[in-house]
A.B. asks: 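Sharing a structure, written as structure tokens. Questions coming.
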Amino acid sequence: MSTYAAIHAVVCQIPLGKVATYGQVAELAHLPGQARLVGYALYLIQAQTDQVPWHRVINAKGKISYSSARQGMDYLQRSLLEQEGIDFSPEGKINLQNYQWHP
DNA sequence: AGACTGACGGTCT
DNA sequence: GAGACCGCCAGTC
């Protein structure tokens, strides 16, 4: 069981309409405090977006994390989340109080 | 082998 | 409340 497989599994458990932070996913994947690995793991599973709802993972500030790889594709994640009923503030932030996943 | 980089988080100022 | 700094692991040069 690679570390990425654990992260992969946790992300798949995030229910529709909810979001989780990198730190939260890391903790659930038995990798406390290693949020960076979660980000890197998601970067690697880009190819399997059909199986992994990577768009439901955001940073602790409630905003979407941008990546050099995504570059102009940032709107994609926001778009997918809006489709699931998640409301964005004018600044592009998500209200974690209402949308954060509580397993 | 050593150093740099990266979808982050928590703490300090 | 916002910005700066440090630390964590894996992958690449």
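So you know, we letter chains A, B, ... as the sequences are listed, proteins then strands, and number each from 1. Side chains are part of it too, since the values below use all heavy atoms of this structure and drop only hydrogens, waters and symmetry mates.
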A.B. asks: Quick one: which of B/dG6, B/dG9, B/dA7 gets closest to the side chain of A/A60?
C.D. replies: B/dG9
A.B. asks: Which nucleotide in the list B/dG9, B/dA7, B/dC8 gets nearest to the side chain of A/L42?
C.D. replies: B/dA7
A.B. asks: For A/V11 and A/R56: C-alpha separation, side-chain torsions, deciding distance, then whether side-chain contact (heavy atoms from CB on, under 4.5 Å) applies.
C.D. replies: CA-CA 8 Å; A/V11 176; A/R56 292 179 195 152; 5.9 Å; no
A.B. asks: Would you indicate whether the side-chain heavy atoms of A/F88 and A/I94 approach each other to under 4.5 Å?
C.D. replies: yes
A.B. asks: How does DNA chain B look in dot-bracket notation if pairs are Watson-Crick or G-U with both distances under 3.5 Å, crossing ones as [ ], other-strand ones as |?
C.D. replies: .|||||.||||||
A.B. asks: Could I get the full list of salt bridge (charged side-chain N to carboxylate O under 4.0 Å, His left out) partners for A/K93, not counting sequence neighbours?
C.D. replies: A/E91
A.B. asks: Checking side chain to side chain contact (heavy atoms under 4.5 Å, CB included) between A/V19 and each of A/I14, A/I64, A/L96, A/V57, which is the one that passes?
C.D. replies: A/L96
A.B. asks: Going through the distances and angles, do A/Y22 and A/L42 end up as a side-chain contact (heavy atoms from CB on, under 4.5 Å)?
C.D. replies: CA-CA 10 Å; A/Y22 291 92; A/L42 292 181; 3.8 Å; yes
A.B. asks: For DNA chain B, determine which residues of residues 89-103 of chain A have any heavy atom closer than 4.0 angstrom to one of its atoms, and list them numerically.
C.D. replies: none
A.B. asks: Just the table, please: protein N/O against nucleotides 11-13 of chain B N/O, every pair under 3.5 Å.
C.D. replies:
none

A.B. asks: Are any of the side-chain heavy atoms of A/W54 and A/Q77 separated by less than 4.5 Å?
C.D. replies: yes
A.B. asks: Output side-chain donor-acceptor pairs under 3.5 Å for residues 24-35 of chain A, partner residues at least two apart or in another chain, one line each.
C.D. replies:
residue: A/Q24; atom: OE1; partner: A/T21; partner atom: N; Å: 3.4
residue: A/Q24; atom: NE2; partner: A/W101; partner atom: O; Å: 2.7

A.B. asks: How long is the span from the OG atom in A/S2 to the CD1 atom in A/I7, to the nearest 0.5 Å?
C.D. replies: 8.5 Å
A.B. asks: Looking at C/dA10, B/dG9, B/dA7, which one has an atom nearest to any side-chain atom of A/L37?
C.D. replies: C/dA10
A.B. asks: Would you tabulate the nitrogen or oxygen pairs shorter than 3.5 Å linking the protein to nucleotides 11-13 of chain C?
C.D. replies:
residue: C/dG11; atom: O4'; partner: A/Y40; partner atom: OH; Å: 3.3

A.B. asks: Expressed as a whole number of angstroms, how long is the span from A/Y43:OH to B/dG6:P?
C.D. replies: 10 Å
A.B. asks: Tell me, please, which residues at least two apart from A/H55 pass side-chain hydrogen bond (donor to acceptor under 3.5 Å, both in side chains).
C.D. replies: A/E84
A.B. asks: With sequence neighbours left out, what residues match A/R78 under salt bridge (charged side-chain N to carboxylate O under 4.0 Å, His left out)?
C.D. replies: A/E82
A.B. asks: Got a sec? Which of residues 22-34 of chain A come in under 4.0 Å of DNA chain B, heavy atoms?
C.D. replies: A/Y22, A/G23
A.B. asks: Could you state the atom-to-atom distance from CD1 of A/I14 to P of B/dA7 in whole Å?
C.D. replies: 19 Å
A.B. asks: Go through the structure and list residues passing side-chain hydrogen bond (donor to acceptor under 3.5 Å, both in side chains) with A/S65, not counting sequence neighbours.
C.D. replies: A/N59
A.B. asks: Can you list the residues that meet the side-chain contact (heavy atoms from CB on, under 4.5 Å) rule with A/Q97, with sequence neighbours excluded?
C.D. replies: A/N95
A.B. asks: Under 4.5 Å between side-chain heavy atoms, hopping through other hydrophobics if needed: is there a path connecting A/Y66 to A/L81?
C.D. replies: no
A.B. asks: Kindly work out whether a path of hydrophobic side-chain contacts (I/L/V/M/F/W/Y, heavy atoms less than 4.5 Å apart) joins A/I86 to A/L80.
C.D. replies: no
A.B. asks: For a quick test of reading the model, state the closest non-hydrogen atom pair linking A/Y99 to A/G17 and the distance between them.
C.D. replies: CD2-O, 3.7 Å
A.B. asks: Give the nucleotide from the list B/dC8, B/dA7, B/dG6 with an atom nearest to the side chain of A/A35.
C.D. replies: B/dC8
A.B. asks: CG of A/L81 versus P of B/dA7: gap in Å, rounded?
C.D. replies: 18 Å
